[in-house]
Amino acid sequence: MLGVDTNVLVRYLIRDDQSQYEKARRLIEREVSKGEPVLVSMLVLLETEWVLRSRYELAKGRDSHGFLCALGYGRSGL
């Protein structure tokens, strides 16, 4: 099982630095191709949402809900 941190998840989602995105993509896809789960903790999700809002201007509310739904947390009560 791979646990990703906030930096890896942000780089994977935003793709603002191609070399860092490729490293994150390869890391995640390596585990997925082996059938291994990729763990994204609630703390990492919350930090990622904060980074996306503060640095990349993701709107709070509806857009944040869409972000969480895309990661499978849409019904978590957040």
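The chain is numbered in sequence order, starting from 1.
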### Task
Check whether any side-chain heavy atom of Leu39 sits under 4.5 Å from a side-chain heavy atom of Leu2, and report yes or no.
no
### Query
Side chains of Leu9 and Val51: does their closest heavy-atom pair fall under 4.5 Å?
no
### Query
Is the shortest side-chain N to carboxylate O distance from Lys34 to Glu31 below 4.0 Å?
yes
### Query
If you count the non-hydrogen atoms of other residues, nucleotides and ligands that lie under 6.0 Å from CZ in Arg55, is the total more than 12?
no
### Task
Grab the two heavy atoms, one from Gln20 and one from Arg11, that are nearest each other, plus how far apart they are.
OE1-NE, 2.7 Å
### Query
Can you name the closest pair of heavy atoms from Ile28 and Val4 and give their distance?
CG1-CG1, 4.2 Å
### Task
Any chance you could lay out the side-chain contact (heavy atoms from CB on, under 4.5 Å) test for Asp5 and Val8, step after step, and finish with the verdict?
CA-CA 6 Å; Asp5 69 6; Val8 172; 3.2 Å; yes
### Test salt bridge (Lys or Arg N to Asp or Glu O under 4.0 Å) applied to Glu22 and Arg25, step by step
CA-CA 5 Å; Glu22 286 299 326; Arg25 183 190 60 77; 2.6 Å; yes
## Note on the structure
Output for pair (Arg26 CZ, Tyr21 OH), nearest 0.5 Å, gives 10.5 Å
### Message
Nearest 0.5 Å, please: how far is OG in Ser54 from CD in Glu49?
### Response
9.0 Å
### Message
Using the rule given for side-chain contact (heavy atoms from CB on, under 4.5 Å), can you reason through Thr6 versus Leu45, listing the C-alpha separation, both sets of side-chain angles and the distance that settles it, and then say yes or no?
### Response
CA-CA 7 Å; Thr6 304; Leu45 283 175; over 6 Å; no
### Message
Can you see whether Asp16 engages Tyr56 through a side-chain donor-acceptor pair at a distance of less than 3.5 angstrom?
### Response
yes
### Message
Under 4.5 Å between side-chain heavy atoms, counting indirect links through other Ile/Leu/Val/Met/Phe/Trp/Tyr residues: same cluster for Met42 and Leu13 or not?
### Response
yes
